[in-house]
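These notes concern the structure reproduced below.
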Amino acid sequence: MLDRKFILQNAQLVAENSAKRGVSVDVDAICRLEAERMDALKQAEELNRQANEVSKQIKSAKDNDERQELIAKGRSLREQKDAAGAAQDRLEAEILELQTILPNMTHPDVPEGGEHDANEIGRGKTPVPEMDFQPLDHLQLGEKHDLFDFEGGARVAGSGFYFLRNAAVRLDLALQQFAISHLAGKGFTPVSTPDLALTSVLQGTGFNPRGPETQIYSIENTELNLVATAEIPLGGMLSGQILASEELPLRFCGLSHCFRTEAGAAGRASKGLYRVHQFTKVEMFAFTLPDQSTAMHEEMRELECEIFDALEVPYRVIDTATGDLGGPAYRKYDLEAWMPGRGESGDWGEVTSTSNCTDYQARRLNVRSKSNTQKGTDFVHTLNGTAIATGRAMIAILENHQRADGTINVPQILRPWVGCDVLECE
RNA sequence: GGAGCGGUGGCUGAGUGGUCGAAAGCGCCGGUUUGCUAAAUCGGUGAACCGGGAAACUGGUUCCGCAGGUUCGAAUCCUGUCCGCUCCGCCA
């Protein structure tokens, strides 16, 4: 959520920014309603002040007549105050509804446009493999090695769910172990998170659990929802807290399951593990002071690169364009791994993304910082970044590390956890 | 799931319907003193919003889990709700 004063003082900028990001909001209406709300608020406060004054006089009333007169006066003032207050509440709700639709402001370097306008800003250390044989996709490899059971998953939970089997389970765990170990060594506190979160926490992090386009599974008759990423519980973890500035930045790596309905995704290129309703992810999350977030964003991007370099997976780094940022992000980098089995002859597929959400989430979640030397509080900045989404990472590993004979090389770094160097054929 | 108890400031914890933004302690900040540190002692110390001021600061409104209700007036009384703790039951 953007700051209301900022919106009022920069209405033109905010409107332009929203348009650029493909969100249409009537910013003028916000300004108009806010002016009305202020009037109502001031009126209510003034009436309340008068009522308080009258209340104080009652104790020292000379006689019963004067007392009764004051009581009547006080009652009338409170009634008027309540009316003004109700008007204020109505306007506030109306404004808030519009205000929450507004996306975050945008880093000046972010390219304008949609998916194809993103800037490629780097490549990983591992070159795209040159294969002198027809590479298999991860589903074919999975069949060869008995790694996935999509039919069984569908029988249990419907299309889009799956069982991992055999080495896939070990790979899945190995990826989690590796990511957690790597990040724990870089000052990130490992946490495993609740897989369910309250609706208010989802909204605070910028997810909307309602409406036909929602990506979120909700539990009927409760305020609980299955999380779509650990970003949600991690952001909510410190909601309402005032953090000591000296202790920032706080770095966490959260392990969670992720659940997504993928509403509206039908027909989008997706097969196998690429777009599923449930997967496991290790997520980086940070709370920083405002002037620390840019550096933290670069740090997270760098860590994502380290992780995929260590996995010996070729990738490119993308500076996501305005239309593709999502609401909370000020800037977003994606890592797209090369997937030899994707499309006709291999293609890039998103495996991680890291966003600097500045104070957009913190404002709604009400996470602030304070130092002894400073008066008042500031909203912190929040950042998130995928360390590893195990499903997509697994696609990239299997497809890039396959060999002509169908065996699959296990990346060096994962071997201690997988327990072997090569996945042999059945 | 059943029963009971409780949610108050950064923390612990008092609080008779008006004098309570709230005792006390701790913590924190500043001063004094002791050669330094520690100790002692004195003072200060919450947040949001609206307004005045260049600023230090200052006037007002709100906030005692949350939402309602009673009342001229609620931390205090009533209702609902959420959360926590203890006991019982069940259970990985």
Practice task
Let me know the distance between CD of A:Gln80 and P of B:C72, rounded to the nearest Å.
Solution key: 15 Å
Exercise for the section: Return the value, rounded to whole Å, for the distance between atom CD of A:Glu247 and atom P of B:C28. Expected result: 13 Å
Problem - Between B:G7 and B:U12 - C1' atom distance, rounded Å - result: 14 Å
Completion exercise
Comparing nearest nucleotides in RNA chain B, the 5'-proximal residue of the pair A:Ala51, A:Asp89 is A:Asp89
Fill in the blank from the handout: Stems with RNA chain B, 3 or more Watson-Crick or G-U pairs in a row (under 3.5 Å), are B:1-7 with B:82-88, B:10-12 with B:24-26, B:27-32 with B:40-45, B:46-52 with B:57-63, B:65-69 with B:77-81
Fill in the blank from the handout: Applied to residues 33-52 of chain A, the salt bridge (Lys or Arg N to Asp or Glu O under 4.0 Å) test, sequence neighbours excluded, yields A:Arg4-A:Glu34, A:Glu34-A:Arg37, A:Arg37-A:Glu92, A:Glu46-A:Arg49, A:Arg49-A:Glu53
Practice task
Report yes if at least one side-chain N or O of A:Asn52 is closer than 4.0 Å to OP1 or OP2 of B:G73; otherwise report no.
Solution key: no
Practice task
Round to a whole Å and report the spacing from CZ of A:Arg4 to C1' of B:C50.
Solution key: 14 Å
Handout entry: Selection from B:G18, B:U62, B:A48 that lies nearest to any side-chain heavy atom of A:Asn48
Key = B:U62
Exercise for the section: Say whether A:Asn104 and A:Arg331, considering side chains only, have a donor N or O and an acceptor N or O under 3.5 Å apart. Expected result: no
Handout entry: Side-chain H-bond candidate by donor/acceptor type, A:Lys281 with A:Thr229, under 3.5 Å
Key = yes
Fill in the blank from the handout: dist A:Gln9:CD -> A:Asp3:CG (nearest 0.5 Å) comes out at 8.0 Å
Exercise for the section: Tell me which nucleotide among B:A47, B:C50, B:U61 gets nearest to the side chain of A:Met38. Expected result: B:C50
Practice task
For nucleotides B:U37 and B:C28, find the distance between their P atoms and express it as a whole number of Å.
Solution key: 15 Å
Practice task
List in chain and number order the residues that pass side-chain contact (heavy atoms from CB on, under 4.5 Å) with A:Pro290, two or more places apart in sequence or in another chain; answer none if no residue qualifies.
Solution key: A:His381
Exercise for the section: Applying side-chain hydrogen bond (donor to acceptor under 3.5 Å, both in side chains), name anything that partners A:Asn366, two or more places apart in sequence or on another chain. Expected result: A:Arg368
Completion exercise
A:Phe6 CZ to B:C49 P, in whole Å, measures 17 Å
Exercise for the section: Tell me whether the OP1 or OP2 atom of B:U19 has a side-chain N or O from A:Lys56 closer than 4.0 Å. Expected result: no
Problem - Separation of the P atoms in B:U41 and B:U79, to the nearest angstrom - result: 47 Å
What does the list of N/O pairs under 3.5 Å between the protein and nucleotides 51-60 of chain B look like, with a distance for each?
none

Exercise for the section: Please list all pairs passing the salt bridge (Lys or Arg N to Asp or Glu O under 4.0 Å) test where one or both residues lie in residues 161-177 of chain A, with sequence neighbours left out. Expected result: A:Asp146-A:Arg165
Problem - Rounded P spacing from B:U8 to B:U61 in Å - result: 26 Å
Completion exercise
By nearest-heavy-atom nucleotide on RNA chain B, the more 5' of A:Arg368 and A:Glu34 is A:Arg368
Practice task
Could you give the distance separating B:G6 and B:G13 at their C1' atoms, to the nearest angstrom?
Solution key: 13 Å
Problem - Residue pairs, two or more places apart or on separate chains, that pass salt bridge (Lys or Arg N to Asp or Glu O under 4.0 Å) and touch residues 248-261 of chain A - result: A:Arg251-A:Glu299
Problem - Between B:G69 (C1') and A:Asp82 (CG): distance, integer Å - result: 12 Å
Handout entry: A:Glu69: side-chain contact (heavy atoms from CB on, under 4.5 Å) partners, not counting sequence neighbours
Key = none
Practice task
Mind running side chain to side chain donor-acceptor pair (under 3.5 Å) on A:Gln278 and A:Tyr162 for me, showing each step along the way?
Solution key: CA-CA 8 Å; A:Gln278 177 183 339; A:Tyr162 53 93; over 6 Å; no
Problem - Within residues 68-78 of chain A: residues closer than 4.0 Å to RNA chain B (heavy atoms) - result: A:Ile71, A:Gly74, A:Arg75, A:Arg78
Problem - Counterpart residues, side-chain contact (heavy atoms from CB on, under 4.5 Å), relative to A:Leu136 (two or more places apart) - result: A:Gln140, A:Leu141, A:Lys144, A:Gln402
Handout entry: For A:His277, ring-ring contact (aromatic ring centres under 6.0 Å, His included) partners two or more places apart
Key = A:Phe161
Practice task
Starting at atom CD of A:Glu36, determine the distance to atom P of B:C50, rounded to an integer number of angstrom.
Solution key: 17 Å
Fill in the blank from the handout: Across all chains, not counting sequence neighbours, the side-chain contact (heavy atoms from CB on, under 4.5 Å) partners of A:Ser218 are A:Pro209, A:Ile216, A:Asn225
Exercise for the section: Have a look at A:Lys81 and say if it touches a base, only the backbone sugar-phosphate, or nothing, with a 4.0 Å heavy-atom cut-off. Expected result: nothing
Exercise for the section: Tell me whether the OP1 or OP2 atom of B:A48 has a side-chain N or O from A:Lys370 closer than 4.0 Å. Expected result: no
Handout entry: Pairwise P distance, B:C64 and B:G9 [rounded to whole Å]
Key = 10 Å
Problem - Whole-Å gap separating C1' (B:C49) and CD (A:Glu92) - result: 11 Å
Handout entry: Rounded P spacing from B:U19 to B:U76 in Å
Key = 13 Å
Handout entry: Nucleotide B:C72, atom C1' - distance to CG of A:Leu47 in whole Å
Key = 15 Å
Exercise for the section: For B:G53 and B:G59, measure between their P atoms and round to the nearest Å. Expected result: 15 Å
